[in-house]
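These numbers were taken from a predicted model, which means no experiment stands behind them. Remember, it's 1-based here, ligands and their atoms both numbered in the order they're listed.
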Amino acid sequence: MCPDGEAAARATAERLVEAARAGGAIALSGGSSPRAAFEIAAQLEPDWSRAAAWWGDERCVPPDDAQSNYRMAREALLDRISRPPEVHRIRGELPPDEAAAEYEAELGDLRLDLALMGLGPDGHTASLFPGSATLDETERRVVAAEPGLEPFVKRVTLTLPPLRASREVVFLVTGSDKADAARRAFGGDPTNDVPGSLVRAESGRTVAILDRAAARDLSA
Ligand code: 6PG
């Protein structure tokens, strides 16, 4: 547990940079929480040329749209470093099924080195929403998904198998509005009602970086 959001962002940035320096395949998360971590990571390490950037999910919008996870990462990280990684973005501008099929082909059977995950107040992670059929997907590694929360745009998301196969899963969760979801995701049994409780590195390391506010309802 970190004292505040700044410390949580820095702890996350240090993990991202460690993976980048090791030449890792890194899946970035979207939403608002990782922006500060990406900015710090760019300050800590300007050379990501040995690494590859992937995304855990994307909103089905063009890459310059304000809701684009790619755009957020481009502004907060990729545009701020001198030697960028290999970039594998999900083409949110395509029809969702087409974008998912294309990304699945591009991902192939790659094993991620680090999957950065967020957590929604409803317990969703990536674009895997509570009770959704995407949670039962065992064959496909990337699928189109219906939004369960704002922004209500179609999504493309990695499924559980590639996320669970990642060598390291890192959750970044901050703010009191996430305390209940964090309690259910990290303090309870795995359930399809809380997708964040389902993403754990099967044969690797899972780390949850929370600030004090998000960890409020979790016993130490
Ligand atoms: C997305 C994300 C999603 C995100 C959570 C938390 O595309 O929205 O990948 O899974 O991590 O919704 O979002 P915030 O960090 O904005 O609370």
Side-chain angles (χ1 to χ4, degrees), residues 2 4-6 8-9 11-13 15-16 26-41 53-63 65-77 88-93 96 99-100 103 112 114-132 134-135 142-160 162-163 166 169-182 184-186 192-199 206-211 213-216:
C2 299
D4 56 29
E6 166 71 22
T12 305
R15 302 211 90 91
L16 291 169
I26 303 165
L28 303 175
S29 60
S32 55
S33 300
R35 184 184 286 274
F38 292 168
E39 291 170 356
I40 296 168
W54 297 81
W55 275 259
D57 73 322
E58 183 59 281
R59 294 92 176 261
C60 294
V61 294
D65 188 285
Q67 293 175 331
S68 163
N69 288 340
Y70 165 74
R71 176 177 161 178
M72 186 275 282
R74 182 178 54 72
E75 292 172 348
L77 174 63
H88 299 268
R89 78 175 177 86
I90 298 172
R91 295 211 290 159
E93 65 270 31
Y103 207 60
L112 295 167
L114 190 156
L116 180 61
M117 312 299 300
L119 187 70
D122 61 344
H124 84 265
T125 190
S127 282
L128 299 168
F129 291 95
S132 130
T134 55
L135 297 168
V142 186
V143 294
E146 294 298 325
L149 210 65
E150 285 285 349
F152 286 106
V153 293
K154 299 253 186 207
R155 310 294 185 91
V156 171
T157 186
L158 268 59
T159 57
L160 291 175
L163 295 170
S166 183
V169 169
V170 176
F171 280 91
L172 169 60
V173 187
T174 59
S176 57
D177 63 322
K178 301 288 178 68
D180 182 59
R184 297 189 296 134
F186 307 119
N192 276 18
D193 298 336
V194 188
S197 73
L198 300 174
V199 181
T206 301
V207 178
I209 299 175
L210 280 67
D211 67 356
R216 184 194 65 206

Taking 4.0 angstrom as the limit and counting only heavy atoms of [X], give me the atoms of ligand 1 inside it, by number and element.
| X | result |
| --- | --- |
| Gly31 | 1 (C), 2 (C), 13 (O), 16 (O) |
| Arg59 | 1 (C), 7 (O), 8 (O) |
| Gly118 | 11 (O) |
| Arg155 | 1 (C), 7 (O), 8 (O) |
| Asp57 | 1 (C), 2 (C), 7 (O), 9 (O) |

All salt bridge (Lys or Arg N to Asp or Glu O under 4.0 Å) counterparts of Glu75, not counting sequence neighbours
Arg35, Arg71
Closest to atom 3 (C) of ligand 1 among Ala126, Gly30, Gly196, Ser29 (heavy-atom distance):
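Considering heavy atoms of Ala126, Gly30, Gly196, Ser29, the nearest to atom 3 (C) of ligand 1 sits in Ala126.
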Looking at residues at least two apart in the chain, or sitting in another chain, which of them share a side-chain hydrogen bond (donor to acceptor under 3.5 Å, both in side chains) with Ser132?
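Ser132 satisfies side-chain hydrogen bond (donor to acceptor under 3.5 Å, both in side chains) with Thr134 once adjacent residues are dropped.
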Nearest neighbour in protein (non-hydrogen) for atom 6 (C) of ligand 1
Leu119 O, 3.6 Å
For atom 15 (O) of ligand 1, grab the closest protein heavy atom and report residue, atom and distance to one decimal in Å.
Ser33 OG, 2.5 Å
Below 3.5 angstrom, do we get any N/O pair linking Ser127 and ligand 1?
no
Quick one: does Lys178 get within less than 4.0 Å of ligand 1, heavy atoms only?
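Checking ligand 1 against Lys178, which is what was asked, there is a heavy-atom contact under 4.0 Å.
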Tyr103-Trp55 aromatic ring centre distance below 6.0 Å
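Tyr103 vs Trp55: aromatic centres not under 6.0 Å.
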How close do Ala100 and Val143 get, heavy atom to heavy atom, and via which atoms?
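Heavy-atom minimum between the residues: CB-C, 3.7 Å.
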Between Ala214 and Val173, which heavy-atom pair has the shortest distance, and what is it?
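Nearest heavy atoms, Ala214 then Val173: CB-O, 3.5 Å.
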Using side-chain heavy atoms (C-beta onward) and a distance below 4.5 Å, is Ser33 in contact with Lys178?
yes
Would a 4.5 Å heavy-atom cut-off, applied to side chains only, mark Met117 and Val170 as touching?
no
Between Thr125 (side chain only) and Gly118 (backbone N and O only), is there a donor and an acceptor less than 3.5 Å apart?
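Yes; judged by distance alone, with no hydrogens or angles, the pair exists.
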Contact region, Thr125 to ligand 1, non-hydrogen atoms below 4.0 Å, reads backbone
Under 4.0 Å, heavy-atom basis, I'd like to know which part of His124 is in contact with ligand 1: side chain, backbone, both or neither.
side chain
